[in-house]
Amino acid sequence: QVQLVESGGGLVQAGGSLRLSCATSEVIFKINVMGWYRQAPGKQRDLVARITWVGNTNYADSVKGRFTISRDNAKNTVYLQMNSLKPEDTAVYYCNAVIGYQEVWGQGTLVTVSS
């Protein structure tokens, strides 16, 4: 079915910015909801942001005003623009897609925020 490939993770200094990408093997309009989740060591996987196929968005309180989720329909790609990064943002970030009864996860990309 659908495959998700994340990219854009890496090491960044506190206060810096980073953009994550999630490329899908399916057209965006066929995916009900796409989202970004993150999981730090010893913690559960939590929702960061999500976007529906009609463009409605939701954000975790901890990232509101700093992160922005968006999409490029022509490229079938969802992005997560992360600004004003903090050390507490350090985690493995996972792309997620829901299509009907199916839920698909990407392999994850590591984001490390220093200082």
- Inspect the surroundings of CZ in Arg50 and state if more than 12 heavy atoms from other residues, nucleotides or ligands are less than 6.0 Å away. no
- For side-chain contact (heavy atoms from CB on, under 4.5 Å), just list the numbers for Met34 and Cys22, CA-CA rounded to whole Å, side-chain angles, deciding distance to a tenth of an Å, and then say yes or no. CA-CA 9 Å; Met34 293 197 67; Cys22 177; 3.8 Å; yes
- Query: Tyr79, Leu47: one ILVMFWY side-chain cluster at the under-4.5 Å cut-off?
  - Reply: no
- Message: Is there a side-chain contact between Val104 and Gln3 in this structure, where contact means two heavy atoms from C-beta onward sitting under 4.5 Å apart?
- Response: no
- Query: Shared ILVMFWY cluster between Ile31 and Val33, side chains joined below 4.5 angstrom?
  - Reply: no
- Between NZ of Lys64 and CG of Asn58, what distance do you get to the nearest 0.5 Å? 8.0 Å
- Task: Please confirm whether the backbone N or O of Ser7 pairs with a side-chain atom of Ser21, one donor and one acceptor, at under 3.5 Å?
- Result: no
- Query: Is it true that the NZ or CZ of Arg45 lies under 6.0 Å from the centre of Trp105's six-membered ring and within 45 degrees of the ring axis?
  - Reply: yes
- Item | From Asn83 atom CG to Thr68 atom OG1, the distance as rounded to the nearest 0.5 Å | 6.5 Å
- Test item: Gln81 and Ser17 side chains (from C-beta on) under 4.5 Å apart, heavy atoms: yes
- Val98-Val48 co-clustered via ILVMFWY side chain contacts under 4.5 Å: no
- Message: To check you understand the geometry: which heavy-atom pair defines the closest contact between Pro87 and Ser115, and what is its length?
- Response: CG-C, 3.3 Å
- Does any N or O in the side chain of Thr109 come within less than 3.5 Å of the main-chain N or O of Glu6, such that one atom is a donor and the other an acceptor? no
- Item | Straight-line distance of Tyr94 OH to Tyr37 OH, nearest 0.5 Å | 13.5 Å
- Message: If I take atom NZ from residue Lys75 and atom OG1 from residue Thr24, how far apart are they, to the nearest 0.5 angstrom?
- Response: 13.0 Å
- Going through the distances and angles, do Asn76 and Glu26 end up as a side-chain contact (heavy atoms from CB on, under 4.5 Å)? CA-CA 7 Å; Asn76 293 323; Glu26 183 62 272; over 6 Å; no
- Message: Donor-acceptor check, side chain of Ser84 to backbone of Arg66, threshold 3.5 angstrom: yes or no?
- Response: no
- Query: Could you go step by step and tell me if Ser114 and Leu11 meet the side-chain contact (heavy atoms from CB on, under 4.5 Å) rule?
  - Reply: CA-CA 7 Å; Ser114 64; Leu11 176 64; 4.2 Å; yes
- Item | Closest non-hydrogen atom pair between Ala91 and Ala40, with its separation | CB-N, 3.9 Å
- About how many Å separate CG of Leu18 and CG of Leu85, when rounded to the nearest 0.5 Å? 6.5 Å
- Query: Any luck finding a side-chain donor-acceptor pair between Asn96 and Glu103 under 3.5 Å?
  - Reply: yes
- Message: Using every non-hydrogen atom in the two residues, find where Lys30 and Ile99 come nearest and quote the distance to one decimal.
- Response: O-CG2, 3.4 Å
- Message: As a quick check of understanding, evaluate side-chain contact (heavy atoms from CB on, under 4.5 Å) for Trp36 and Phe67, giving each step before the final call.
- Response: CA-CA 11 Å; Trp36 287 98; Phe67 291 9; over 6 Å; no
- Message: As a test of understanding, state which of Thr90, Asp89, Val92 forms a side-chain contact (heavy atoms from CB on, under 4.5 Å) with Arg38.
- Response: Asp89
- Query: Can any side-chain N or O of Gln39 pair as donor or acceptor with the backbone N or O of Lys43 at less than 3.5 Å?
  - Reply: yes
- Message: Do Leu20 and Val63 land in one hydrophobic cluster if side-chain heavy atoms of ILVMFWY residues count as linked below 4.5 Å?
- Response: yes
- Task: Would you name the heavy atoms of Val78 and Ile69 that are closest together and state the gap between them?
- Result: CG1-CG1, 3.8 Å
- At what distance, to the nearest 0.5 angstrom, does CE of Met82 lie from OH of Tyr93? 5.5 Å
